[in-house]
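Okay, structure first, notes after.
Any value given below was found using the heavy atoms of this structure, including those in side chains, with hydrogens, waters and symmetry copies removed. Proteins come first, then strands; the chains are lettered A, B, ... in the order of their sequence lines, and each starts at number 1.
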Protein chains: 2
Amino acid sequence: MENITEMLKGVLEGCVLEIISRGETYGYEITQQLRELGFTDVVEGTVYTITMRLEKNNLVDIEKKPSTMGPPRKFYTLNAAGQKQLEIFWEKWDFVSSKINELKTKIKVK
Amino acid sequence: MENITEMLKGVLEGCVLEIISRGETYGYEITQQLRELGFTDVVEGTVYTITMRLEKNNLVDIEKKPSTMGPPRKFYTLNAAGQKQLEIFWEKWDFVSSKINELKTKIKVK
DNA sequence: TGGAGCTATTTAGTAATCCTATATACTAGT
DNA sequence: ACTAGTATATAGGATTACTAAATAGCTCCA
């Protein structure tokens, strides 16, 4: 799927929160998981801006650990504020997506 | 629902295309329809920037008509390119929303 | 006649988010 | 050494929605 960039705005951060909520993970791995999900064009830089934002907003706890595969990894876990933010994200998603699907499926009188 | 601004990015234009596709309409009416849909905080300015963009990208035909309720209205209809764009929008929406719902409902092993 | 309120369009400036492109660095294999 | 894969970081750009204000036509009523 091409050019879904604009549609990802506002949901990508939520996706990252969800991925982190499933267990300690780090930026590079998050990127790979988003690509596996189907968002194949998401690159590291994008994910790092998001994780930096999560750090800045105190939604995650951080632990740096060495890796045998390369440089050290920065592992993230959601803290209480992050969990709350994730809940709010899904509420917003349910609201917005239901409204849009309503618009999509509404019978066209024409 | 509060603060869904960022989540609307990339989908609001598609919603406007869909509304226009149902029959000739104008900016102010489109705004009202979006508010009725549930996007209560959408204001005229936002919709006008979208309709201006649709004009610029040659996705709509325009006809100005007088109104008994106020100043003249600028009525929009989708042209062939607009119809095509609308189709593409729904394809993207189906793709993105299905992937996000997949992420949401995936069993959490943890 | 003058003001309020609803209808209606437009635009300048701002904020937020994701992407592009690049730099840096560790490890392993050839 | 060199390449490739792993891994983090950041500066600058593009797009999009919001804020706020200006302009204007119409109806109603004091």
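B:W90 is connected to A:V11 through a chain of hydrophobic side-chain contacts under 4.5 Å among Ile, Leu, Val, Met, Phe, Trp and Tyr, so both are in one cluster. B:M69 and B:I30 fall into different hydrophobic clusters, where Ile, Leu, Val, Met, Phe, Trp and Tyr are joined by side-chain heavy atoms under 4.5 Å apart, directly or via other members.
For DNA chain C, the residues of residues 25-35 of chain B within the heavy-atom distance limit of 4.0 Å (strictly under) are B:Y26, B:G27, B:Y28, sorted by number. Sorted by residue number, the list of members of residues 74-84 of chain A with any non-hydrogen atom under 4.0 Å from DNA chain C is empty. At a non-hydrogen distance threshold of 4.0 Å, nothing from residues 53-66 of chain B comes into contact with DNA chain C.
For the atom pair B:D61 CG and B:N79 CG, the distance stands at 5.0 Å (nearest 0.5 Å). Between the CG atom of A:L12 and the NZ atom of A:K9 there is a distance of 11.5 Å, given to the nearest 0.5 Å. Once rounded to the nearest 0.5 Å, the distance linking CH2 of A:W93 with CD1 of B:I100 reads 4.0 Å.
Residues A:Y48 and A:E6 each lie close to DNA chain D; by heavy-atom proximity, the contact nearer the 5' end of the strand is made by A:Y48.
Scanning atom types as modelled, no donor and acceptor separated by under 3.5 angstrom connect the side chain of B:K9 and the base of D:dT15.
Residue A:K92 contributes atom NZ, which lies 13 Å from atom C1' of C:dT17 at whole-angstrom precision. In this structure, CD1 of B:I50 is placed 16 Å from P of C:dT11, rounded to the nearest angstrom. Rounded to an integer number of Å, the gap from CZ of B:F89 to P of D:dT16 is 13 Å. Put simply, CE on A:M7 is 14 Å from C1' on D:dT15, counting in whole angstrom units. One atom, CZ of B:R73, and another, P of C:dT9, lie 8 Å apart when rounded to the nearest Å. Put simply, CD on B:E13 is 18 Å from P on D:dA14, counting in whole angstrom units.
For the helix from C:dT1-D:dA30 to C:dT30-D:dA1, the end axes, each set by the C1' atoms of five terminal pairs, are bent relative to each other by 10° (nearest 10°).
The shortest distance between side-chain heavy atoms of A:I20 and A:L54 falls below 4.5 Å. Counting only heavy atoms from C-beta outward, the side chains of A:L78 and A:L59 never approach each other to under 4.5 Å.
Under a 4.5 Å side-chain heavy-atom cut-off, the cluster of Ile, Leu, Val, Met, Phe, Trp and Tyr residues that includes A:Y48 is completed by A:Y26, A:Y28, A:F75.
Taking all atoms of both residues into account, the shortest heavy-atom contact from B:N58 to B:A81 is O-CB, 3.8 Å. When every heavy atom of A:M7 is checked against every heavy atom of B:G10, the shortest pair comes out as CE-O, 3.9 Å. Considering all non-hydrogen atoms of both residues, A:M1 and B:E91 come closest at CE-O, 4.0 Å. Shortest non-hydrogen contact noted between A:E24 and A:E63 is OE2-OE1, 3.5 Å. The shortest heavy-atom contact between A:T49 and A:T46 is OG1-O, 2.6 Å. Annotation for A:G82 and A:L17: closest pair O-CD2, 4.3 Å, computed over non-hydrogen atoms.
Atom NZ of B:K65 has more than 12 neighbouring heavy atoms from other residues, nucleotides or ligands inside a 6.0 Å radius.
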* Heavy-atom protein contacts under 4.0 Å, nucleotides 19-30 of chain C, coded B base, S sugar-phosphate only, - none -> BBB---BBS---
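Using modelled atom types and a 3.5 Å distance limit, the side chains of A:E55 and A:Y76 yield a donor-acceptor pair.
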